[in-house]
Asker: 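Quick one: the structure is below, questions incoming.
Just so we're clear, the structure is a prediction, and the values are computed from it rather than from any experiment.
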Amino acid sequence: MKTDTASELLQKRREKVLQLRSNQIPLYPNDFRISHSIEELQGIIADDAPGLSEDHPVFAVAGRMMAINRFGKSAFIRMRDRTGQMQAYIRKDRVGDESYELFRQLDIGDFVGVTGGMFQTRTGEWTLLARDLRLLCKSTRALPEKYHGLKDPEKRYRRRYLDLLMNPEVRDIFIKRSQIIQAIRSFLLDRDFLEVETPMMQPIPGGAEAAPFVTHHNALGMDLYLRIAPELYLKRLVVGGLERVFEINRNFRNEGISTQHNPEFTMLEFYQAYATHDDLMALTEEMVAQAAVYVTGSSVISYQGEKIDLSRPWRRISLGDALTGIGGVAPELLTDKQGLLDVAARNGIQVTKTGRLGKVITKLFDVLVEPKLIQPTFITEYPVEVSPLSRRSDTIPDVTERFELFIAGREIANGFSELNDPEDQRGRFLEQVKDREAGDEEAHLMDEEYIEALEYGMPPTAGEGVGIDRLTMLLTDTPSIREVILFPHMKPAERRKG
RNA sequence: GGGCCGUUAGCUCAACUAGGCAGAGCAACUGACUCUUAAUCAGUAGGUUGAAGGUUCGAUUCCUUCACGGCCCA
């Protein structure tokens with residue numbers, strides 16, 4: 001519990017603020033203009049060191065003070081901006097008594113603007129020699145410790161700004177996350193895909209099997225659902241002639257939180273007319289490998305101690321073969337629901353009440369096979385009853401032209417040739433509605449307007465969703481989804497005094 | 001939902017199988033110091049040990065409940 005005495009540190013800083021204010025020192029000015037970022041200045045040093053002196057040219061640099069080494073009448077400060085770090089040397093005889101007196105009252109964490117020339121210290125480090133120093137923003141709380149930083153995961157997530165400030169590797173992860181998205185975006189734009197945005201609030205949540213979050217529109221007097229997937233809207237766009245579309249945006253699923261699940265997460269979904277699921281597998285191989293090379297420099301990556309080779313081609317196995325070959329299920333059981341239920345029971349796997357054969361198969365797969373798929377693997381031939389939006393296989397009518405991609409024991413992507421036969425789609429929805437009535441709360445809802453769109457005609461199309469958070473985990477070698485989401489979901493902290 | 005672990009100064013951690021005045025480093029404050037870079041030296045201050053209850057002469061320590069978090073499982 002923070003008491004008045006415990007916040008002595010805070011109190012000291014508040015006193016400083018009062019002191020500075022009473023001396024007419026602006027605490028939050030915005031009129032300082034920088035001449036260079038730290039990185040730019042370091043570039044100048046690298047290119048033209050002989051042209052630099054204590055007096056010429058004069059640079060103006062701004063940043064947060066991350067360290068101060070004081071020596072009575074002089075001090076070294078370490079400044080940081082978004083581009084890097086450098087040190088400046090503040091001498092009383094250079095900046096004058098008044099500025100030095102101000103500087104004496106500053107703290108680690110304050111933002112300063114330093115103007116001056118460059119010199120080299122005894123050890124050869126190029127240092128900004130302050131001719132003038134200004135306070136740009138007063139920090140009234142102490143930063144975490146300089147050496148050990150901020151480690152407590154709860155504090156890191158709740159105060160991510162401190163995490164980013166103190167832990168450079170965290171900053172790197174989020175820079176890489178941005179680069180991964182950028183790589184994917186340019187990959188798709190290069191292939192003539194159009195980036196679009198579709199509703200996050202939907203009257204009928206569709207496109208995935210998941211429980212939605214409910215919200216309410218006051219003026220319309222109706223409930224709406226945060227989307228669990230954009231799929232049905234993106235396919236309406238394909239009907240509308242936008243033959244190649246993609247969206248990178250948030251989905252919301254009302255389920256548990258774990259190292260693999262956050263209630264809101266980011267998905268890439270894309271649709272390509274006149275393509276099949278085979279085409280998308282090839283595209284995915286290329287897209288993921290390219291993103292990997294872009295952020296890690298190689299298509300062979302290391303994930304939690306495992307070496308993973310993302311170079312093409314990737315292994316492709318049917319769901320049935322995976323279950324028998326990798327999962328160790330006897331082949332004759334694949335069509336024997338009771339036999340599979342027995343296997344499930346033996347492995348302590350709970351199967352949903354409705355328990356259609358396909359559900360049992362995929363559930364067994366999740367437990368017996370998925371964790372073993374370390375190298376990139378496409379699993380194909382998913383049963384129709386667990387793939388209500390996928391096109392049936394022409395050769396095997398019980399399965400669909402669908403694949404899921406697994407890397408490092410996790411599902412990364414899910415794609416299929418789209419079901420564009422409105423009659424078949426209606427039938428599939430009706431089956432889902434039956435499942436829902438039988439107690440499966442994640443089963444799809446009937447969406448008449450979507451079927452109507454299909455009735456106008458959707459060209460043969462293939463579509464895919466890629467989990468951006470999981471892909472980022474893979475490419476940044478992080479074990480928890482919380483490490484790749486800036487503000488992962490947390491229960492509200494007990495608010496303490498102070 | 002279940003199991004295990006954690007929560008002590010602003011931050012990082014001690015205080016042990018034994019229940020006995022709650023400590024250190026960094027940060028802060030005072031002083032010295034014009035080439036430091038985890039600066040150094042001397043000194044000072046900082047705590048309702050996550051919350052509530054219980055056992056006990058005495059609880060950071062043992063017990064119960066709760067909150068939050070982490071890992072694993074469902």
Asker: Please report the distance, rounded to the nearest Å, between CZ in A:Arg14 and P in B:rA28.
Answerer: 17 Å
Asker: At a cut-off of 3.5 Å, list every protein nitrogen or oxygen paired with a nitrogen or oxygen from nucleotides 71-74 of chain B, distance to 0.1 Å.
Answerer:
| unit_1 | atom_1 | unit_2 | atom_2 | d |
| --- | --- | --- | --- | --- |
| B:rC71 | OP2 | A:Arg482 | NH1 | 2.8 |

Asker: Between A:Ile468 and A:Leu268, which heavy-atom pair has the shortest distance, and what is it?
Answerer: CG1-N, 3.8 Å
Asker: Could one point to a donor on the side chain of A:Arg78 or the base of B:rU37 with an acceptor on the other under 3.5 Å away?
Answerer: no
Asker: Between A:Lys491 and B:rC68, is there a side-chain N or O to OP1/OP2 distance below 4.0 Å?
Answerer: yes
Asker: Can you list, in residue-number order, the parts of residues 39-65 of chain A that come under 4.0 Å of RNA chain B, counting heavy atoms only?
Answerer: none
Asker: What is the distance, to the nearest angstrom, from the CG atom on A:Asn262 to the C1' atom on B:rG70?
Answerer: 15 Å
Asker: Listed by chain and number, what are the side-chain contact (heavy atoms from CB on, under 4.5 Å) partners of A:Leu341, not counting sequence neighbours?
Answerer: A:Lys337, A:Gln338, A:Val351, A:Val360
Asker: With the criterion being N/O to N/O and under 3.5 Å, what pairs connect the protein with nucleotides 30-33 of chain B, and how long is each?
Answerer:
| unit_1 | atom_1 | unit_2 | atom_2 | d |
| --- | --- | --- | --- | --- |
| B:rC33 | N3 | A:Gly72 | N | 3.4 |
| B:rC33 | N4 | A:Gly72 | N | 3.1 |

Asker: Do A:Tyr89 and A:Ser74 come within less than 4.5 Å of each other through their side chains, counting heavy atoms only?
Answerer: yes
Asker: Write out a two-atom table: protein N or O, nucleotide N or O from nucleotides 11-13 of chain B, distance below 3.5 Å.
Answerer:
| unit_1 | atom_1 | unit_2 | atom_2 | d |
| --- | --- | --- | --- | --- |
| B:rC11 | OP1 | A:Lys155 | NZ | 3.2 |
| B:rC11 | O2' | A:Glu145 | N | 3.4 |
| B:rC11 | O2' | A:Gly149 | O | 2.6 |
| B:rU12 | OP1 | A:Lys151 | N | 3.0 |
| B:rU12 | OP1 | A:Asp152 | N | 3.1 |

Asker: Using atom CD of A:Gln11 as one end and atom C1' of B:rG10 as the other, report the distance to the nearest whole Å.
Answerer: 14 Å
Asker: Is the ring pair A:Phe76/A:Phe71 parallel, tilted or perpendicular, if the boundaries are 30 and 60 degrees?
Answerer: perpendicular
Asker: In whole angstrom, give the distance that lies between atom CZ of A:Arg156 and atom P of B:rU7.
Answerer: 18 Å
Asker: Can you tell me, in whole Å, how much space there is between the P of B:rG3 and that of B:rC66?
Answerer: 11 Å
Asker: Both A:Glu154 and A:Thr123 contact RNA chain B. Taking the nearest nucleotide for each, which residue is further toward the 5' end?
Answerer: A:Thr123
Asker: When rounded to the nearest Å, what value does the distance between C1' atoms of B:rG10 and B:rC29 take?
Answerer: 14 Å
Asker: Using the side chain to side chain contact (heavy atoms under 4.5 Å, CB included) rule, pick out the option among A:Arg156, A:Arg160, A:Arg158, A:Glu264 that qualifies with A:Pro488.
Answerer: A:Arg160
Asker: Taking the basic N atoms (NZ, or NE/NH1/NH2) and the acidic carboxylate oxygens, is any pair closer than 4.0 Å for A:Arg356 and A:Asp435?
Answerer: yes
Asker: Hey, does A:Val95 have a side-chain heavy atom less than 4.5 Å from the side chain of A:Leu102?
Answerer: no
Asker: In whole angstrom, give me the gap between the P atoms of B:rA67 and B:rC57.
Answerer: 32 Å
Asker: Atom CZ of A:Phe119 and atom P of B:rC35: how far apart are they, to the nearest Å?
Answerer: 10 Å
Asker: When you look for runs of 3 or more Watson-Crick or G-U pairs in a row, both distances below 3.5 Å, which of them include RNA chain B?
Answerer: B:1-7 with B:67-73, B:10-13 with B:23-26, B:28-32 with B:40-44, B:50-54 with B:62-66
Asker: With nearest nucleotides of RNA chain B determined for A:Lys16 and A:Tyr147 from heavy-atom distances, which residue corresponds to the more 5′ nucleotide?
Answerer: A:Lys16
Asker: Atom CE of A:Met79 to atom P of B:rU37: distance rounded to whole Å?
Answerer: 20 Å
Asker: Please state the P separation for the pair B:rA9 and B:rA24 - nearest whole angstrom.
Answerer: 14 Å
Asker: How many whole angstroms separate atom CZ of A:Arg80 from atom C1' of B:rU37?
Answerer: 14 Å
Asker: Taking atom C1' in both B:rU60 and B:rU8, compute the distance separating them and give it to the nearest angstrom.
Answerer: 7 Å
